[in-house]
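Remember, it's a predicted structure, so these values are computed and weren't measured experimentally.
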Amino acid sequence: MPHQILKSLRACALSALLVVGLASCGDGRTFAIFADGRQGTTPVESNPQDAAAAARFLTQATFGPTDNDIKTVMAKGYDAWLEGEFNAVSSSHLAYVDNRLAQMLLTNPSASLSANQFYESYWLYASTSRAQLRERMKLALSEIFVISLVDAAVDTRGAASYYDMLGANAFGNYRTLLQQVALHPMMGRYLTHLANQREDTASGRKPDENFAREVLQLMSIGTYELEPDGTLSRDGTGATIPTYTAEDVSNLAKVFTGYSWYHPSPTNSTFFGGSRNVDASVRPMIYYANYHSITAKTFLDVTLPGGAANGPNELGLALDAIFNHPNVPPFMCQRLIQRLVTSNPTPSYVGRCSAVFRNNGAGVRGDLRAVVKSILMDPEARNASLASTPGYGKVREPIIRLTNWIRAFGATSISGGYLITSTSANTSLGQSPLTSPSVFNFYRPGYVPPNTRLGAQGLTAPEFQIVDEVTVAGYANTMQTAIGTGIGSGSDVRSAYVNEIAIAADANTLVDRMDRMLLYGQMSPTLRARLIESVNSVAIPAPTANNAATIATAKLNRAKLAIYMTMVSPEYLVQR
């Protein structure tokens, strides 16, 4: 690809992401990023009107549209497709890493697992699994219920098991998910409530409060009381109202004492990790009565009487209190809408989803299957006319951009193992799955870039927290290499661009494909003209007896150029 074109594209992508609130690329067209809450909505049809509508739906619900998935959604309609996805089962990441270890041991008796084996399973299933909505929900939930392979306490088997657990509960009940998160040993290790001991007045020891605080702040109710539509509740003076106090946290922490490593024959020694069972990192923590706080506990207006025998019952009652808190529906709905559809959902959007969380229509609270359907089928998600309104949409996560490329253009793993290692460096994608730098995820859900027009409008931009000059250039360079020669160890994941080469002689048809697979029919006339001009700048010679290879190379270069230019464009970087 010509150097000047690439230089111009990188500069355009950088300016688009760093001019916060409204981004443009010097062509007179403004690209909206965030919802302003003023637009109206229209009824949603259960069937997509065309391939572009199907592709837009799949952009929100999967790791990116494929030709087959677009055809399937158009044939089945949204409802039937969703029902199929709700029933589809993901492959096991734990089984994958266990099988990989067995393979490695055949040639290296001292081999051990690393994060790379989990990354392999992520890229394999995110790219190829037929349970795409469940795969996308795994990532979304992992960015709310955060553990991280950055922490040495989180081992690869345990992380794989945790990711499986999120997938198994993606369309179950939030209450069940909450309990399985609380008792998973990797959450116990990451937020340090595994082997949490009861208070001891003689030594001054107090229960570890880490998980108790974060389960409230980040995984359930947040820090301030909310209205059902997600807006802040206020007292008579107009001040916000805290959802919990330091005393609530310290008392809740006592509930999470006495839980530690699984062992078939638990003892005081196994509580501290002695004689570690081979499956201790993947099986739920078990209760050790000797270490559980026996004092009364009061939090969130609930009082538990205490007593050593009441530990498991206390856990259930505590999680019930969290589950039934009125903040949970709007809190969780807003987080999931941000992950799938738009960074700043309107209060009406959050309110409709929140109502479904409270009651799925059959009297059930916390039905995530119903919640996810309400998010994806809401008028603000399905009404394509909103995509061009000021403020709608979200910055695409870097790892989702890469899976979009893999899926859209049929990239496959030469080894079969999807050997893509860490992409966390800011000179790469600035993000790897299940590897956030802190419990607050890669970016905070309420993050606002400082000193920006965005902040003045009271709007959030979570993904902007990992956007700067270095990460934008890193993405552009990474995608140039991936599109050009492949990505991963030995350029393991690469595409032959068969479908694109077949139409590359016609710039208009090739650009139409970019519009469908990457921009769901939303490509602007300006970008379209720019792409066509650039594609046509790669000349295809007239055929002769000896230049078939030259023609093939020219067509391949046209395809790569069209893909790259689209994927670094502002219109692509912002999912609308």
**Asked** Given Tyr443 and Glu397, is the side-chain hydrogen bond (donor to acceptor under 3.5 Å, both in side chains) satisfied, shown in steps?
**Response** CA-CA 10 Å; Tyr443 26 74; Glu397 294 183 62; 2.6 Å; yes

**Prompt:** For the atom pair CD1 (Ile375) and CD (Gln334), what is the distance rounded to the nearest 0.5 Å?
**Reply:** 11.0 Å

**Message:** To the closest 0.5 Å, what do you measure between CD (Gln480) and CG (Leu561)?
**Reply:**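 Atom-to-atom, Gln480:CD and Leu561:CG are 10.5 Å apart.
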
Check ion pair [X]-[Y] (N to O, under 4.0 angstrom):
X: Lys138; Y: Glu135; answer: yes
X: Glu463; Y: Arg339; answer: yes
X: Arg369; Y: Glu85; answer: no
X: Arg513; Y: Asp67; answer: yes

**Message:** What I want to check is whether the side chains of Asn546 and Thr544 have a donor and an acceptor closer together than 3.5 Å.
**Reply:**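 There is no such pair (donor and acceptor under 3.5 Å, judged by atom type) between the side chains of Asn546 and Thr544.
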
**Item:** Pair Thr59, Gln575: side-chain N/O donor-acceptor within cut-off below 3.5 Å
**Value:** no

**Message:** Asp506 vs Thr509, test: side-chain hydrogen bond (donor to acceptor under 3.5 Å, both in side chains). Steps then yes/no.
**Reply:** CA-CA 5 Å; Asp506 185 336; Thr509 302; 3.0 Å; yes

Indicate yes or no for a side-chain donor-acceptor contact from [X] to the backbone of [Y] under 3.5 Å, with no hydrogens or angles considered.
X: Lys555; Y: Ile501; result: no
X: Ser495; Y: Phe409; result: yes
X: Thr481; Y: Asn477; result: yes
X: Tyr162; Y: Val146; result: no
X: Asn404; Y: Ile400; result: no
X: Gln338; Y: Pro445; result: yes
X: Ser142; Y: Leu434; result: no
X: Asn557; Y: Val538; result: no
X: Thr156; Y: Ser114; result: yes
X: Thr460; Y: Pro462; result: no

**Request:** With Met514 as reference, evaluate Met565, Met567, Arg528, Met523 under the side chain to side chain contact (heavy atoms under 4.5 Å, CB included) test and give the passing residue.
**Result:**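 One option only clears the test, and that one is Met523.
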
Taking all non-hydrogen atoms of both residues into account, name the closest pair between [X] and [Y] and its distance.
X: Tyr349; Y: Thr342; answer: CE1-CG2, 4.3 Å
X: Val493; Y: Ala411; answer: CG1-CB, 4.1 Å
X: Arg134; Y: Ala168; answer: NH1-O, 3.9 Å
X: Ala381; Y: Leu376; answer: CB-O, 3.6 Å
X: Ala482; Y: Trp405; answer: O-CZ2, 3.3 Å
X: Ala539; Y: Ala554; answer: O-CB, 3.5 Å

**Trace of the side chain to side chain contact (heavy atoms under 4.5 Å, CB included) decision for Leu232 with Leu226** = CA-CA 5 Å; Leu232 287 168; Leu226 302 173; 3.9 Å; yes

**Prompt:** Taking the six-membered ring of Tyr572, is the NZ or CZ of Arg396 close enough (under 6.0 Å from the centre) and on axis enough (within 45°)?
**Reply:**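 Judged by the rule (NZ or CZ under 6.0 Å from the ring centre, within 45° of its axis), Arg396 counts as positioned above Tyr572.
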
**Message:** Both conditions, 6.0 Å and 45 degrees, for the charged tip of Arg444 above the ring of Tyr447: are they met here?
**Reply:**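 Verdict for Tyr447: no cation-pi partner in Arg444.
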
**Option from Thr62, Asp69, Thr128 for which side-chain hydrogen bond (donor to acceptor under 3.5 Å, both in side chains) with Arg407 holds** =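 Result: among Thr62, Asp69, Thr128, Asp69 is the only option passing the side-chain hydrogen bond (donor to acceptor under 3.5 Å, both in side chains) with Arg407.
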
**Message:** Could you walk me through whether Tyr475 and Leu429 satisfy the side chain to side chain contact (heavy atoms under 4.5 Å, CB included) test, starting with their C-alpha distance in whole Å, then the side-chain angles of each, then the deciding distance to 0.1 Å, before giving a yes or no?
**Reply:** CA-CA 5 Å; Tyr475 165 71; Leu429 296 180; 4.0 Å; yes

**Residue list, ring-ring contact (aromatic ring centres under 6.0 Å, His included) with Phe118, at least two apart or on another chain** = His93, Tyr163

**Request:** Please assess Ser489 against Thr421 for the test side chain to side chain contact (heavy atoms under 4.5 Å, CB included), listing each intermediate value before the final yes or no.
**Result:** CA-CA 7 Å; Ser489 300; Thr421 55; 4.1 Å; yes

**Message:** Could you work out, with side chain to side chain contact (heavy atoms under 4.5 Å, CB included) as the rule, every residue matching Ala355, not counting sequence neighbours?
**Reply:**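 Scan of Ala355 (side chain to side chain contact (heavy atoms under 4.5 Å, CB included), adjacent residues dropped) gives Arg358.
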
